[in-house]
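Reading through the structure tokens given below for one structure.
A, B, ... follow the sequence lines: proteins, then strands. Residue 1 opens every chain. Model, not experiment: these values are computed from the prediction.
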Number of protein chains: 2
Amino acid sequence: MVATLQLQMNQNLFLRDPQETDLGRKIIRQSVIMIDQIGFEGFTFKKLAKEISSTEASVYRYFENKHKLLVYLIAWYWNWLEYKIDYNTNNIDDPFKKLDIALKLLTEKKKKDPLFPDIDEEALSRIVISESDKTYLTKQVDEDNQVGLFRGFKSLCKKVADIIKEINPEFNYPHALVSTVLQAANQQIFYSMHLPSLTELNAKQKKLDEQNFEFLRTIVIKAIT
Amino acid sequence: MVATLQLQMNQNLFLRDPQETDLGRKIIRQSVIMIDQIGFEGFTFKKLAKEISSTEASVYRYFENKHKLLVYLIAWYWNWLEYKIDYNTNNIDDPFKKLDIALKLLTEKKKKDPLFPDIDEEALSRIVISESDKTYLTKQVDEDNQVGLFRGFKSLCKKVADIIKEINPEFNYPHALVSTVLQAANQQIFYSMHLPSLTELNAKQKKLDEQNFEFLRTIVIKAIT
DNA sequence: TATTTTAAATAGTATTACTATTATAAACTA
DNA sequence: TAGTTTATAATAGTAATACTATTTAAAATA
């Protein structure tokens, strides 16, 4: 018997908490699978409702629109990552070690986490790579930010930036560097798979995640020391 | 009397060359203004057609769909930037100087270029910040890449990577570093304006573009030396 | 048991993205 | 120059999408 956890999600991310009902959990589980497969543009509430034997209108009771659902999923992912970093850097003092652990967790190939049986983290991590920028690259970014929809990403950014400040309190750009690196971690994987002339990381070679780790670690360490 | 130029655009970016007709040039000019104002999601061919006193169907004779139009505009921007870098680094030998010029051109606040009277480069540069990632973060990225739609960005990336190779031929990640920096240049501006806790760059202070230049230059120089 | 509250389904509408067909104008040819 | 071809753009659609008002069903409470 394994315990399961629930990540605390901001109330403004949903109309009705999808973690509290059967239908809600189905919406989350199936939307991760479908957005991964057909992409966010191709994904609709109608298609989703069909797959889970419900109706479009019922899905709308949980999420205002499909954009908000995406924001929810991406926020869940960042919360999950931050939880893992907290868990794995607990009791570690050396900030260099903490940085390495954070970068390792950030870049490692994700696999299903039994603590959260409703979410396929492998599929979700692919969604983060392809779709996460779309959560804030909109005209409503300021409203969405105001009600805290991007707290997950900002909190993670602060966490890693704080490690960097421990290593070098003189460095002028801890947050800028970390936000750049968090983005680059996903971008470089996307490039290596689809636009390979933009990166030396090679998706055809083994251990793409480790290549990514080495690249990002080089950038960060050189920048701050 | 000032000469005007035409940037050479890949044939697959359009159905009919918009630079060759009056209606085509109107489509380009007005779509830059409108996407900047209402965002790519809110932008439709119907609204555009109304503004230029034409019809939706006529716009479709030039571009297969609104996504292709966006790809065209972004490609134009990267071609323009590369043209400016070529022009300004001509006859300069010192690769450090060339790098500085490239980063300066990349980060400087854009203003209308009289060489290209049909395009409002200031508005277009805002579009690049908010919308450019959407050109390739799609399920058709491989098809689009196959027919050369992203050549502009890739060519620019190679150009700057070649400068970095001149400075340090031993550095393992010239393309990965440059693609990261090209993206970060836009992201950091967006963050400073909309998600300020993600960066030390301050949109409220003067010379945001120079702050951005200093940040990116620090990252690049430290990474490669 | 009756009543209130909540949840989900039915049945829509307005808008969007896109297209087949027709009309008009320009260019070429006999 | 009259007739024919070709190019261009407008008309008039359709199918799909995003979203909502209303109704029905189920559950909780008094």
Side-chain angles (χ1 to χ4, degrees), chain A residues 11-31 34-35 37-73 131 134-135 137-140 143-144 149, chain B residues 11-31 34-35 37-73 131 134-135 137-140 143-144 149:
Chain A
Q11 295 285 317
N12 295 311
L13 285 165
F14 48 77
L15 294 174
R16 219 179 127 58
D17 189 343
Q19 297 193 101
E20 278 186 347
T21 67
D22 240 31
L23 180 59
R25 285 184 290 269
K26 268 192 208 167
I27 289 171
I28 298 303
R29 189 184 320 132
Q30 190 62 24
S31 63
M34 289 180 75
I35 294 173
Q37 277 175 0
I38 62 180
F40 184 64
E41 274 68 41
F43 171 82
T44 70
F45 279 3
K46 190 165 222 159
K47 290 178 191 168
L48 169 64
K50 199 181 167 194
E51 287 295 318
I52 60 177
S53 304
S54 179
T55 65
E56 226 185 324
S58 302
V59 179
Y60 273 103
R61 309 213 133 250
Y62 287 82
F63 294 98
E64 215 179 312
N65 50 49
K66 72 171 185 170
H67 181 255
K68 285 279 167 67
L69 171 54
L70 179 66
V71 176
Y72 179 96
L73 296 177
E131 319 287 0
K134 297 171 190 170
T135 58
L137 293 175
T138 69
K139 285 283 170 188
Q140 338 106 51
E143 292 164 54
D144 287 354
L149 302 197
Chain B
Q11 295 286 318
N12 295 310
L13 286 165
F14 49 76
L15 294 173
R16 220 179 125 60
D17 189 343
Q19 299 193 100
E20 278 187 345
T21 68
D22 241 32
L23 180 59
R25 285 183 290 269
K26 270 192 206 164
I27 289 171
I28 298 302
R29 189 184 320 131
Q30 189 62 22
S31 61
M34 291 181 75
I35 294 174
Q37 278 175 359
I38 62 180
F40 183 64
E41 275 68 41
F43 171 82
T44 69
F45 278 3
K46 190 165 224 159
K47 291 178 191 168
L48 169 65
K50 198 180 168 193
E51 288 295 319
I52 60 178
S53 305
S54 179
T55 64
E56 228 184 323
S58 302
V59 179
Y60 274 104
R61 308 213 133 249
Y62 287 83
F63 293 99
E64 214 179 311
N65 49 50
K66 72 170 184 170
H67 180 256
K68 285 278 167 68
L69 170 55
L70 179 65
V71 176
Y72 179 95
L73 296 176
E131 319 287 0
K134 298 171 189 169
T135 58
L137 293 175
T138 70
K139 285 284 171 189
Q140 338 104 51
E143 291 164 55
D144 287 354
L149 302 196

Legend entry - Rounded to 10 degrees, the angle between the two terminal axes of the helix from C:dT1-D:dA30 to C:dA30-D:dT1, each from five pairs: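 Rounded value for the end-axis angle: 10°.
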Inset, instruction - Quick one: list whatever passes salt bridge (charged side-chain N to carboxylate O under 4.0 Å, His left out) with B:Glu64, sequence neighbours left out. - result: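 By the salt bridge (charged side-chain N to carboxylate O under 4.0 Å, His left out) rule, B:Glu64 matches B:Lys68.
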Inset, instruction - Applying salt bridge (charged side-chain N to carboxylate O under 4.0 Å, His left out), name anything that partners B:Arg25, two or more places apart in sequence or on another chain. - result: B:Asp22
Legend entry - side chain to side chain contact (heavy atoms under 4.5 Å, CB included) partners of A:Gln19, counting only residues at least two apart: A:Gln6, A:Met9, A:Asp17, A:Tyr72, A:Trp76
Inset, instruction - With sequence neighbours excluded, tell me which residues meet side chain to side chain contact (heavy atoms under 4.5 Å, CB included) with B:Ser54. - result: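 By the side chain to side chain contact (heavy atoms under 4.5 Å, CB included) rule, B:Ser54 matches B:Leu23, B:Ile52, B:Ser58.
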Cut-off 3.5 Å, no hydrogens considered: what does the side-chain donor-acceptor table look like for residues 39-50 of chain A, sequence neighbours left out?
residue: A:Glu41; atom: OE1; partner: A:Lys134; partner atom: NZ; Å: 3.0
residue: A:Thr44; atom: OG1; partner: A:Lys46; partner atom: N; Å: 3.4
residue: A:Thr44; atom: OG1; partner: A:Lys47; partner atom: N; Å: 3.1
residue: A:Lys47; atom: NZ; partner: A:Gly42; partner atom: O; Å: 2.6

Legend entry - Euclidean distance, A:Ile35 CD1 relative to A:Leu69 CG, rounded to 0.5 Å: 5.0 Å
Inset, instruction - Extract, from 5' to 3' on DNA chain C, the first and final nucleotides lying under 4.0 angstrom from some heavy atom of chain A. - result: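 Counting from the 5' end, contacts occupy C:dA7 to C:dT10.
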Mind checking side chain to side chain donor-acceptor pair (under 3.5 Å) for [X] and listing every partner two or more places apart, or none if nothing turns up?
X	result
A:Arg61	none
B:Glu20	none
B:Glu56	none

Inset, instruction - Would you name the heavy atoms of B:Phe63 and B:Ile27 that are closest together and state the gap between them? - result: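 For B:Phe63 and B:Ile27, the tightest heavy-atom pair comes out as CE1-CG2, 4.1 Å.
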Inset, instruction - Figure out the CG/P separation between A:Asp22 and D:dA27, and round it to whole Å. - result: 13 Å
Legend entry - Atom pair distance, as rounded to whole Å: CG in A:Asn65 and P in D:dC19: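 It works out to 5 Å between those atoms.
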Inset, instruction - Using only heavy-atom distances, decide whether a donor-acceptor pair under 3.5 angstrom links the side-chain of A:Glu56 to the base of D:dC19. - result: yes
Write out a two-atom table: protein N or O, nucleotide N or O from nucleotides 5-9 of chain D, distance below 3.5 Å.
residue: D:dT8; atom: OP1; partner: B:Arg16; partner atom: NH2; Å: 3.1
residue: D:dT8; atom: OP2; partner: B:Arg16; partner atom: NH1; Å: 2.9
residue: D:dA9; atom: OP2; partner: B:Tyr62; partner atom: OH; Å: 3.4
residue: D:dA9; atom: N7; partner: B:Arg61; partner atom: NE; Å: 3.1

Inset, instruction - Look at the side-chain N and O atoms of A:Lys46 and state whether any lies under 4.0 Å from the OP1 or OP2 oxygen of D:dA18. - result: no
